[in-house]
Amino acid sequence: NAWKFRNSNLVAVSKEYYSNSYERSNGLEYVSYGYDSKHRPLSEHRGNLYTDLTRDETYGLILTQIQPKDADTNIKTVNTLTEDGLNIANSSVYEVNGTTETLCSSTDYTYNSDGTVNTEKINTGTGEIIKQYIYKYSTSDCSYSVTVKTDIEDIDGNHSTVTETVYYD
């Protein structure tokens, strides 16, 4: 059942795995990309640096991502899905050096009934950042705005709030 197809730079091998690669004109960098059976990116390889993803089979949400920080250290992101599997409930970022994983930050998400983000609660280890999203829709001109209120607490327990609004037409 394995087959090969070449179209410009696209190379597909078998029904389950697809790859796309190119070389720089100077021939010093080789980059390849791997895709799942639904053509969603799973990997990027640049020389000896690798970025790899795992995805939820149902909706294709990213469950893990591992990418290089430097030659000895990787950054690993682990996403936990909501009970219904439609969204990401938590995203935790780790620095990985050998077999040692150090938690850098963890973000919890809540969602509105329409699937938009309601809140983000970010714990950086030195403080907490809480973002609340407020969506306003206008039926008269089909525009909408998103206001983000960010409550920040620093390591000393000091609080401040930053509000920003973006308008779309």
Side-chain angles (χ1 to χ4, degrees), residues 10 18-20 22 31-46 49-97 100-169:
L10 177 67
Y18 300 86
S19 66
N20 185 8
Y22 73 89
V31 180
S32 67
Y33 300 92
Y35 301 90
D36 67 8
S37 62
K38 295 179 181 173
H39 308 284
R40 298 178 296 215
L42 289 178
S43 63
E44 176 183 321
H45 298 173
R46 291 182 179 270
L49 299 176
Y50 299 92
T51 298
D52 292 307
L53 305 171
T54 60
R55 291 184 176 273
D56 163 64
E57 284 296 319
T58 306
Y59 298 108
L61 296 173
I62 295 173
L63 298 175
T64 61
Q65 176 176 336
I66 301 173
Q67 60 191 47
K69 177 180 178 184
D70 56 42
D72 300 320
T73 309
N74 287 319
I75 300 298
K76 178 180 177 182
T77 303
V78 178
N79 294 324
T80 305
L81 301 181
T82 55
E83 196 171 303
D84 60 9
L86 295 173
N87 296 295
I88 295 171
N90 175 275
S91 184
S92 296
V93 178
Y94 300 87
E95 189 171 282
V96 182
N97 193 330
T100 304
E101 289 188 5
T102 305
L103 179 64
C104 299
S105 69
S106 181
T107 304
D108 293 314
Y109 299 93
T110 63
Y111 298 89
N112 296 313
S113 60
D114 64 357
T116 56
V117 174
N118 182 31
T119 61
E120 275 182 86
K121 184 177 179 183
I122 306 162
N123 186 333
T124 63
T126 58
E128 187 174 84
I129 301 169
I130 299 174
K131 294 183 176 187
Q132 179 184 14
Y133 294 81
I134 302 162
Y135 305 87
K136 292 185 181 174
Y137 302 94
S138 170
T139 55
S140 64
D141 62 1
C142 296
S143 66
Y144 68 99
S145 67
V146 180
T147 300
V148 181
K149 291 185 176 181
T150 305
D151 294 324
I152 301 169
E153 177 185 350
D154 67 19
I155 195 166
D156 298 322
N158 300 316
H159 292 268
S160 62
T161 300
V162 176
T163 301
E164 55 185 318
T165 302
V166 178
Y167 297 93
Y168 301 90
D169 55 9

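Taking each heavy atom of Leu86 and Asp84 in turn, the nearest pair found is N-OD1, 3.0 Å. In this structure, Ser105 and Leu103 approach most closely via the heavy-atom pair O-CD1, 3.4 Å. For Val146 against Tyr168, the heavy-atom pair with the smallest separation is CG2-CE1, 4.1 Å.
When side chains are defined from C-beta on, His45 does not count as touching Thr51, because their heavy atoms never get closer than 4.5 Å. Residues Glu128 and Lys121 form a side-chain contact, since some pair of their non-hydrogen atoms from C-beta on lies under 4.5 Å apart. Using a 4.5 Å heavy-atom cutoff, the side chains of Ser91 and Tyr109 are in contact. In this structure the side chain of Thr147 reaches within 4.5 angstrom of the side chain of Thr163, judged on heavy atoms. Proximity of Tyr94 to Val78: side-chain heavy atoms (C-beta onward) are separated by under 4.5 Å at one or more points. Considering only heavy atoms from C-beta on, Thr77 stays 4.5 Å or farther from Ser92 through its side chain.
Between Leu53 atom CG and Gln67 atom CD the span is 9.0 Å, to the nearest 0.5 Å. Here the straight-line distance linking atom CG of Asp156 with atom OG1 of Thr126 works out to 10.5 Å at 0.5 Å rounding. Atoms SG and NZ, on Cys104 and Lys69 in that order, are 7.0 Å from each other to the nearest 0.5 Å. Going from atom CG of Leu81 over to atom CG of Asn87 covers 8.5 Å, rounded to the nearest 0.5 Å. Taken to the nearest 0.5 Å, the CD atom of Glu95 stands 8.0 Å off from the CG atom of Asp70. Once rounded to the nearest 0.5 Å, the distance linking CG of Asn79 with CD1 of Ile62 reads 7.5 Å.
A donor-acceptor pair under 3.5 Å is formed between the side chain of Arg55 and the backbone N or O of Pro41. Side chain of Asn74 to backbone of Lys76: no donor-acceptor contact under 3.5 angstrom is found. Not a single donor-acceptor pair under 3.5 Å links the side chain of Asn112 to the backbone N or O of Gly115. Not one N or O on the side chain of Thr80 forms a donor-acceptor pair closer than 3.5 Å with the backbone of Ala89. Judged by distance alone, the side chain of Asn123 and the main-chain N or O of Gly125 form a donor-acceptor pair under 3.5 Å. Judged purely by atom type and a 3.5 angstrom limit, Tyr111 uses its side chain to pair as donor or acceptor with the backbone of Ile88. Judged by distance alone, with hydrogens and angles left aside, the side-chain atoms of Thr54 form a donor-acceptor pair with the main-chain N or O of Thr64 at under 3.5 Å. Although no hydrogens or angles enter the test, the distance criterion places a donor-acceptor pair under 3.5 Å between the side chain of Asp36 and the main chain of His39. Looking only at distances, a side-chain donor or acceptor of Ser43 sits under 3.5 Å from a matching main-chain atom of Gly34. In terms of modelled atom types and a separation under 3.5 Å, the side chain of Asp108 and the main chain of Asn90 share no donor-acceptor contact.
For the 3.5 Å distance criterion, the side chains of Asn97 and Thr100 fail to qualify, holding no donor opposite an acceptor.
Heavy atoms of other residues, nucleotides or ligands lying less than 6.0 angstrom from CD of Glu57 number 12 at most.
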**Asked** Could you walk me through whether Tyr133 and Glu120 pass the side chain to side chain contact (heavy atoms under 4.5 Å, CB included) check?
**Response** CA-CA 8 Å; Tyr133 294 81; Glu120 275 182 86; 2.2 Å; yes
Residues Ile152, Val162; criterion side chain to side chain contact (heavy atoms under 4.5 Å, CB included); working and verdict: CA-CA 8 Å; Ile152 301 169; Val162 176; 4.3 Å; yes
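Not a single ring-ring contact (aromatic ring centres under 6.0 Å, His included) links Tyr167 to another residue, sequence neighbours left out.
Aromatic ring pairs are classed by plane angle as parallel below 30°, tilted from 30° to 60° and perpendicular above 60°; the pair Tyr135 and Tyr137 is parallel.
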